[in-house]
Every structure is written in structure tokens, then in C-alpha cells.
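Remarks on the structure that follows.
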Amino acid sequence: MKRFGHRGKDGKRSEKTAVAGISFSVKKGEIFGLLGPNGAGKTTTIRMMTLAARPTSGEIRYEGLSIREHAREVKELLGIVPQHINFDQDLTVGENMELHARLHHMGAAERRARIAKLLDYVELSDVVNDGVRRLSGGMKRRLLIVRALIHRPRILFLDEPTVALDPQVRRRIWDMVKDLATEGVTVFLTTHYIEEAEALCDRVAILAKGRLLDIDTPANLRAKTNLPTLEEVFLQMTEKKK
Amino acid sequence: MMEQRLTDIATVFWRDWVVLKRRLAKFLLSRMVAPLLYLVAFGWGLGRSIPVEGGTYLDFIVPGILALNSMNISFNSITPVHAERVYHKSLEEYVSAPIWPDAFVLGKLLAALLRALLSSAIICALAFAFGARLSITPLFLLVLSMNCILFAEIGFIAAMKINTFEEMGQVNTYILLPMSFLCGTFFHTAALPSALRLIIDALPLTHTSYLLRALGTGTDASLASLVVLVLYAVFLYVLCVRTFRRLSE
Ligand SMILES: Nc1ncnc2c1ncn2[C@@H]1O[C@H](COP(=O)(O)OP(=O)(O)OP(=O)(O)O)[C@@H](O)[C@H]1O
Ligand SMILES: [Mg+2]
């Protein structure tokens, strides 16, 4: 559970529960989708799972390791693509990548090779020496995704990764995500493109107002509700909640 | 273990060095303006008509200018961390990386120290050009560095705690600017009313001014003042580390 404490303009404290009573497990190599309307608590859940926010209560484990007790080991495993752009604005594209690699203790040679390869993959090699401010919105998203991959994370968190990407690039990212999962990387993804979840995810969890409504494979969810697409399942479930 | 900690500090420092290197000339040039004006107005212009025991007024204020300048530079070198935290969110990279959390604090402090020492070197060069007498001993450099670290720490804590740009600016106006003028930099604190003096004498910059002046002119420096600076620096360091670790709450 995550509860945010706030001090309002009148100085009084108020509290807001962002997510509560969520419990699930994700398998190694699985692509797991977390779906839910705006404000459902997806980002909050990811932030708790990536040690960016401390849960008010509850526990998170990776392969039996409690994330708080083994913070450093766990951080080595995680790759994080946040919902918002969070580059260092004073550094170039290449320097942002290098900073990430250094923060993950990669040697100089490995760093260079890996960064060149990833930038090439998302067609950003030409802008490697440009300041990140000069990138277009879609270029920034692409950079954000490959930055998280530099250190070869075992668990990848993607918080609305394909927002603002053109269809070609989106497909490319999908392919990349599938390849990673085949290599044994666990992928935890949120998206508002339900067809994206349908195409990628082995299982999806549907979240609304901080509560978990259901977890299952897209096929099972469709079967259960007798609806033709996951999108309709999603709409019906979250509609009822309102 | 130790080696990795040093690597982490180096990484944080590397980032600041990359940024500084790109703007080094601009940085150095812009840092010369204020101290140059102080030297001209107070040291050279006003100072020639002010008698001070045992030397010229210029000799008196150069250590004061070094103290206040290193305070301002080190504080303002670290406050961009505020925008990185609140606005660009780029501190998230450090928070989610498997680094030793204190390495972030230490790396940033070292980078601020470097900037402040570079600008101090410029002031010394200018002061010598104006004919000031000042002896720079290892202890003198130690005191100057302590001053830089301590105010970088204050800048760091402000950057972690304060949420608006407006309030960040106010720290400069309401805290650093008064200290620049009152803490034994341009005149002896004995000239202040005793109630005010009590407060001023407790502030770290006052101790730095007196220490630098004593060491720079080769007179006896107070060991107590040095201890005060060290205590401030250690206490503030603990706060820095704590505020940084709290970021992921
Ligand atoms: N730092 C914060 N302080 C206070 N409340 C917060 C904070 N972050 C999120 N919340 C609240 O928690 C709830 C869940 O927000 P969250 O960002 O997790 O939603 P989301 O599912 O990611 O939504 P979106 O699809 O819009 O990204 C919202 O009501 C939001 O207002
Ligand atoms: Mg979100």
C-alpha cells in the first residue's frame, strides 16, 4: 500500500491512498502488463517496485530478496524507463548514456560498445554529441528506453514506453521487448494502448483507483467476459468501477 | 568495497567535471566580476584612506573576500542539484542506480570545492596584482577548503529540502548576502552591537574570515575557530547524507 501525506495550503495534513491491497507475482521471462485509467496507481506501483518510493505497508521481493534489505543487489537487476523524461539536461545524448553506464559500474570498453550498439538500434547515433534538449519528443522516448538497457537489466520496468512514438518505432520497441523476454528478461509494462498490451503481454493486471480488479492472460480475460478484444474488457471492468 | 565507493564518487564528480569543462572560460570570467569590484571599490578606492593596524585595508579585506567568495561559489555550485531534483528529475538516475548513496553527496561536494578553489585562485591572482600581501600556507588552504565544503553542504541541504526556485533564491538574498558583509569580511565584528555580534560570531563564515586573515598575515590563528569549522562541516555532512537518502521515501 502507498499512502501519500500532504500538507495543504491551510497547513493541515491530508492523506491520500494511491494503491492498496495489491498482491501479485510475476514470473521470470514474463511480459506482465499493468493496465488502468489515469491515476489508477500504475506509476506508484512501479515506483515502489523500483525503490523510488517506500511502500507505507507491504513487501516486495525479487527471487526471495526483500528489496529494502538488499537494495543495492536489487538495483543491479532493474532497468527503469520512467513515464516522464528525466535526462540530465546539461549533458549530451552520449554523456547521458555514459553516466548511466558508469553508475552501473561498467568498464570503459564495454560501455562504449554497448552504447554505440543501442544508439544505433534506435537510430540515434547521429545525435550522440547533441544536447538532449535538442531531441524531438519521440527521440527522447527512444533514448529513455535504450538508456535503461545499457547495463543489461534482468527485470525491465516500462512505464508507458511507447507514448509519442510513430508506428514504425513502436513496432520496433515491441520486437525489442519480445526479444528481451525470450532472453529471460522479465518485463513489467504499463500502457494505455490496450492493443499493445494484447500484442505483448503474457498476463495483464487491471487496476482502478488503487485496487486490483483482475489478473489473467488476455485470452482468459476475453473468454471470461465474452468480449472480442482486451480493450472492451478493460473498458467494461473499469466502467463498472466508476 | 572501498574501490567501488571511490568509483561511485568519481562518477558523480565526472558528471560535474564534464559540465564545468565545457564552460570553463565562461565560468572563470564571470567569477571575476564581483571580487574585482570589491577589490577596486573597497581595497583600492576606499581602502587607501583607511588605516588598519599592521597593514593596509587591502590586506585586511582580501582574506574576507576570499571567505565570502568561496562561500558564494561553493553554495551556488551545488544548488543546480535543486533543478535536477525538482524540475528535470535527473536525480532519479542516481537514486535508482546501485551506488553508495554517500557517493552522490561526496562527489557533488568535491565538484563544488573545485569550482570554489578555482575562483579563489583567481582572486588571489587579482589581489597580488593590486599589491596585497598574503601568505598562502597549507593550513590557509585547509581552512579555505573547509569553508567551501561547509557552504556546499548548506547548498546541498537547501537543494534537497526546498521545493521552489523562488525560495532557493531567497536563501541567497536573506542568508548569504548578509553574511557576506557582516561576518568579519569587511570590518571587525567588534564594531557590531553586542547582541548582533553574539549571533555573527557563531556563524562559520566569521571563523573563516578570522582564520584566513590570521594565517594570511602570519599572526596567531585560533585553534578553536578551526574546531568550529570542522564541527559545522561534519554535522552538515550527516544532514546531507540523511536528506539524500530520504529522497526515495
Ligand atoms: N507524489 C505524490 N504525492 C501525492 N499523490 C500522488 C503522488 N504521486 C501520485 N499520487 C496520486 O496517486 C494516485 C496514483 O497516481 P499514479 O501516478 O500512480 O497513477 P497512474 O496509474 O500512473 O496514472 P497515469 O495513467 O495518469 O500515469 C493519483 O491519485 C495521484 O494523484
Ligand atoms: Mg503513470
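Numbered from 1 within each chain, the chains take letters A, B, ... in sequence-line order.
- Between B:R15 and A:D88 there is a side-chain heavy-atom pair separated by less than 4.5 Å.
- Neither the backbone nor the side chain of A:H151 comes within less than 4.5 Å of any heavy atom in chain B.
- Highest contact tally toward chain B, considering only A:R47, A:E73, A:E98, is held by A:E98 [criterion: heavy-atom pairs under 4.5 Å].
- At least one side-chain heavy atom of B:E93 sits under 4.5 Å from a side-chain heavy atom of A:R147.
- Heavy atoms of other residues, nucleotides or ligands lying less than 6.0 angstrom from CZ of B:R242 number 12 at most.
- The backbone N or O of B:V95 lies less than 3.5 Å from a partner atom in the side chain of A:K75, making a donor-acceptor pair.
- Interface remark: B:L91 contributes no atoms to any contact with chain A (heavy atom separation under 4.5 Å).
- By the 6.0 Å contact criterion, NZ on A:K178 is enclosed, its count of non-hydrogen atoms from other residues, nucleotides or ligands being greater than 12.
- If you measure heavy-atom distances from A:L77 to chain B, you find no contacts under 4.5 Å at all.
- Applying the 6.0 Å contact sphere to CD of A:E59 captures more than 12 heavy atoms from other residues, nucleotides or ligands.
- Heavy atoms of A:L51 lying under 4.5 Å from chain B belong exclusively to its backbone.
- Within a 6.0 Å sphere centred on OH of B:Y174, heavy atoms belonging to other residues, nucleotides or ligands number 12 at most.
- Heavy-atom pairs under 4.5 Å with chain A peak, among B:A83, B:S90, B:P98, at B:P98.
- Both the backbone and the side chain of A:H100 have a heavy atom closer than 4.5 Å to some heavy atom of chain B.
- Residues B:W14 and A:R102 have side chains in contact (heavy-atom distance under 4.5 Å, counting atoms from C-beta outward).
- Inter-residue side-chain proximity for A:R72 and B:W100 is flagged as met; some heavy-atom pair is nearer than 4.5 Å.
- With contacts defined as side-chain heavy-atom distances shorter than 4.5 Å, the pair B:E92/A:H84 qualifies.
- Contact detail for A:H105 and B:I99: the closest heavy-atom pair is NE2-CG2, 4.3 Å.
- Annotation: side chain of A:L99 is in contact with side chain of B:Y94 (closest heavy-atom distance under 4.5 Å).
- Sparse packing is recorded around CZ of B:F235, with 12 or fewer heavy atoms of other residues, nucleotides or ligands lying under 6.0 Å away.
- Remark: the backbone N or O of A:D90 is paired with a side-chain donor or acceptor of B:R22 at under 3.5 angstrom.
- For chain A, the option among B:R23, B:E84, B:Q4 with the highest count of heavy-atom pairs below 4.5 Å is B:Q4.
- Contact annotation: the side chain of A:I80 approaches that of B:S96 to within less than 4.5 Å [non-hydrogen atoms, C-beta and beyond].
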